[in-house]
Each structure stands twice: as structure tokens, then as C-alpha cells.
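Quick notes on the structure that follows.
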Number of protein chains: 2
Amino acid sequence: MNIKKIDHQSILRLLEEKGISPSFQRIKILEYLFLNRTHPSVEDIYKDLSSELLTLSKTTVYNTLKLFVEKNIVKAIGIEKDFVRYDIDISPHSHFKCIKCGKIYDLKINEEKDNNIDEGFKKVYSEKYIYGICKNCK
Amino acid sequence: MNIKKIDHQSILRLLEEKGISPSFQRIKILEYLFLNRTHPSVEDIYKDLSSELLTLSKTTVYNTLKLFVEKNIVKAIGIEKDFVRYDIDISPHSHFKCIKCGKIYDLKINEEKDNNIDEGFKKVYSEKYIYGICKNCK
DNA sequence: TTTAAAGTTGTAATAATTACAAAGTTGTAA
DNA sequence: TTACAACTTTGTAATTATTACAACTTTAAA
């Protein structure tokens with residue numbers, strides 16, 4: 001499906017850089033995120049990795065993603081009403097959700113001069129979600 | 001607290017316009033939203049109205065807000081991780097959340113030429129959330 | 001007044017996430 | 001190698017927002 005490959009060494013280097021000890025589970029979850037650029041949920045990751053990691057626990061997936069978000073390796077995406085998606089691409093961009101097929105698309109951000117934030121307010125981060133109909137569903 | 005007043009007649013007219021029969025609960029909830037421009041949650045509304053509407057049920061608050069959202073009287077705001085806020089102001093604007101005090105501020109939108117949505121994609125609606133530190137908390 | 005539809009209520013079910021304690025793993029110092 | 005502490009994983013239970021649903025109440029029309 002996804003062409004982009006990531007080698008084991010890069011995974012290890014990334015974890016190392018961020019001061020995260022490279023457990024088998026963490027490596028596998030991070031690798032999964034690199035190979036599946038679909039903004040997967042905990043459920044997705046858990047289901048897909050379970051066949052390989054027979055004893056994987058959902059709690060581990062939650063713990064690991066929490067850690068990755070804290071260490072700024074992945075970004076949590078609040079585009080869904082009732083669960084969180086995760087994005088391995090932490091560069092500034094926004095998301096489009098097709099309200100028909102449910103697919104999430106990445107959107108380049110339009111270097112907007114960041115809104116009318118009043119003086120005295122300090123932006124830390126922001127998120128933009130666009131909902132609509134995608135090309136395939138029209 | 002909030003200066004903006006709304007009279008009973010306007011509330012009734014608005015419900016009428018949208019084809020919503022004006023039950024006591026609906027009137028009170030809508031009035032609450034007009035008087036409390038704080039992007040309240042179901043919990044907020046339920047707690048605050050309970051003293052006046054002794055038998056109010058949380059389900060009624062959920063039902064009513066669902067109806068209001070469908071009829072385009074209020075907008076659901078997904079700025080929080082684990083509950084929904086509601087905004088009586090349905091005009092296009094974005095939201096700022098102070099990560100220190102938790103307060104939500106309205107932001108005028110910077111008539112951005114709506115992002116780089118690829119041709120063939122059709123936007124239906126969008127949301128922008130900015131997180132940071134507000135004036136009072138610096 | 002009768003009756004059906006609409007609205008409200010309380011409780012139970014659902015589902016994502018977190019809390020927590022027990023079990024397993026790893027690395028290091030003796 | 002052994003002992004031990006720190007870290008990691010796991011499974012279960014708790015939490016919490018929201019939805020489902022059925023019973024009850026209100027409303028409005030005939």
C-alpha cells in the first residue's frame with residue numbers, strides 16, 4: 001500500500017534521539033506508524049499488530065502513543081468525535097476528512113498569518129480540520 | 001456577567017423559525033446559551049439549570065443540543081479532548097483555548113483563502129482550534 | 001374527552017480512555 | 001553469574017461522556 005519505507009536503523013535512531021528505550025513493542029508501533037500513513041487509531045494499531053505481537057495489550061498501545069506524543073514523535077489528531085487518531089507526520093499541516101468514506105487526507109497549510117490572536121495571547125499549537133466530500137466520493 | 005440580553009420573544013421566534021416546538025426545557029436551554037457565552041458543556045448546562053428545572057434530565061440536555069445542532073441553531077465545538085462544548089454563535093470564527101486557565105476565547109477568522117484543498121474536493125465545514133496562553137495567564 | 005404524537009425522564013448500555021497492581025524484562029554493580 | 005532496582009508490559013477494573021431505550025408525561029388535534 002504505502003511506498004514509503006523506513007529502515008530499522010532509522011527507527012532505532014529516532015527513539016535514541018528522543019531518549020526512549022527501544023522495546024520491541026515501541027519499535028513495532030513506531031514502524032507501524034511509518035508504514036501506515038492513514039492516521040490510525042489505537043484500535044487500528046492494536047488490531048493490526050496483534051497478529052504479530054500475540055500478547056500485545058491495548059494499554060501498551062495507549063502508553064506508547066502517549067509517550068510518543070509527549071516526546072513529539074507523533075501528533076494526536078482530534079478530527080473524530082469519539083476517538084483519537086495519530087499522525088507520524090508532525091510537520092505543520094491540516095487535515096481533511098471525507099464525511100462519506102471517512103478517509104483522512106493531509107493538507108498543506110496555507111501559510112496563513114496566524115489568525116487574529118489578540119496581543120498578549122501566546123499561541124502554542126493549533127489544529128485545523130476540514131470536513132467535506134473527497135474526490136473519490138463525488 | 002454577560003451583558004448581551006435576549007428576550008423571550010426572540011427565543012420563541014428563533015425556535016419557531018426552525019420548526020422546533022418551544023417546550024419549557026428547550027426555551028430554558030436556548031436562553032442559557034444566549035446568556036452564557038462561555039461555550040458550555042452538557043454538564044455545565046445541566047448543573048446550572050437543574051436548580052430551576054428540578055426534574056431536568058441530562059438526556060434532555062443531550063437531546064436538545066443534538067436537535068439544536070441539526071437545526072443549525074448552535075455549533076458543537078470539539079476543542080476539548082473528552083467532551084463537547086456548544087456555541088450559540090454559529091457565524092464563522094475559530095477558538096482559542098488557554099492551556100493554563102482553560103478558558104475558551106472566540107477568534108475572528110482571518111478570511112484565509114480556504115487552504116489548499118485539491119480540486120475535486122468539496123469543503124462542507126471546517127474548524128480551527130488554537131491552544132496557548134491567554135492574556136490573563138501570562 | 002379521547003387519543004396519538006411529541007417530549008421528557010431515568011436507567012442501562014456502550015465505548016474510549018485511564019488507573020492500577022502484578023508479572024516480566026533489562027541493565028548494572030557486586 | 002547473581003541480585004536488585006528501574007523500567008516495561010499486561011490484564012482487569014474504574015471512569016466518563018454519550019447513546020439507547022422504554023416508561024411516563026405533556027400537548028394538540030379530533
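Quick note on labels: first sequence line is chain A, next is B, and so on, each numbered from 1.
Counting to the nearest Å, the P atom of D:dT8 and the NZ atom of A:K66 are 13 Å from each other. Rounded to whole Å, the distance from CG on A:L53 to P on C:dT25 is 14 Å. Between the CG atom of B:D44 and the P atom of D:dT16 there is a distance of 16 Å, given to the nearest Å. Put simply, OH on A:Y62 is 17 Å from P on D:dA13, counting in whole angstrom units. When rounded to the nearest whole Å, the span between CG of B:N63 and P of D:dT26 equals 17 Å. Atom-to-atom, NZ of B:K71 to C1' of C:dG7 comes out at 14 Å; the value is rounded to the nearest Å. Summarising the geometry, the separation between CD1 on B:I27 and P on D:dT27 is reported as 11 Å, rounded to the nearest angstrom. We find that CD1 of A:I20 is positioned 17 Å from C1' of C:dT26, with the value rounded to whole Å.
Toward the 5′ end of DNA chain C lies the nearest nucleotide of B:F24, the other residue of the pair B:F24 and B:K81 mapping further downstream.
Phosphate contact (OP1/OP2 of C:dT9, side-chain N/O of B:T60, threshold under 4.0 Å): present. Note on B:Q25: every side-chain N or O is 4.0 Å or more away from OP1 and OP2 of D:dT26.
Here B:E16 does not pair with B:R13 in a salt bridge; the nearest charged N to carboxylate O distance is not below 4.0 Å.
Interface remark: the A:S21 side chain does not form any donor-acceptor pair with the C:dT26 base, using a distance-only criterion of under 3.5 Å. Within 3.5 Å, no donor on the side chain of A:S23 pairs with an acceptor on the base of D:dT9, nor the reverse.
At a cut-off of 3.5 Å, with distance as the only test, no side-chain donor of B:H39 or B:D44 sits close to an acceptor on the other residue.
Ring-centre distance between A:Y105 and B:F121: below the 6.0 Å cut-off.
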message: Go through it in stages, so that I can follow the logic: the residues are A:E43 and A:K47, the test is salt bridge (charged side-chain N to carboxylate O under 4.0 Å, His left out), and I'd like the CA-CA distance, side-chain angles, deciding distance and then a yes or no.
response: CA-CA 6 Å; A:E43 192 62 31; A:K47 274 204 340 223; 5.5 Å; no
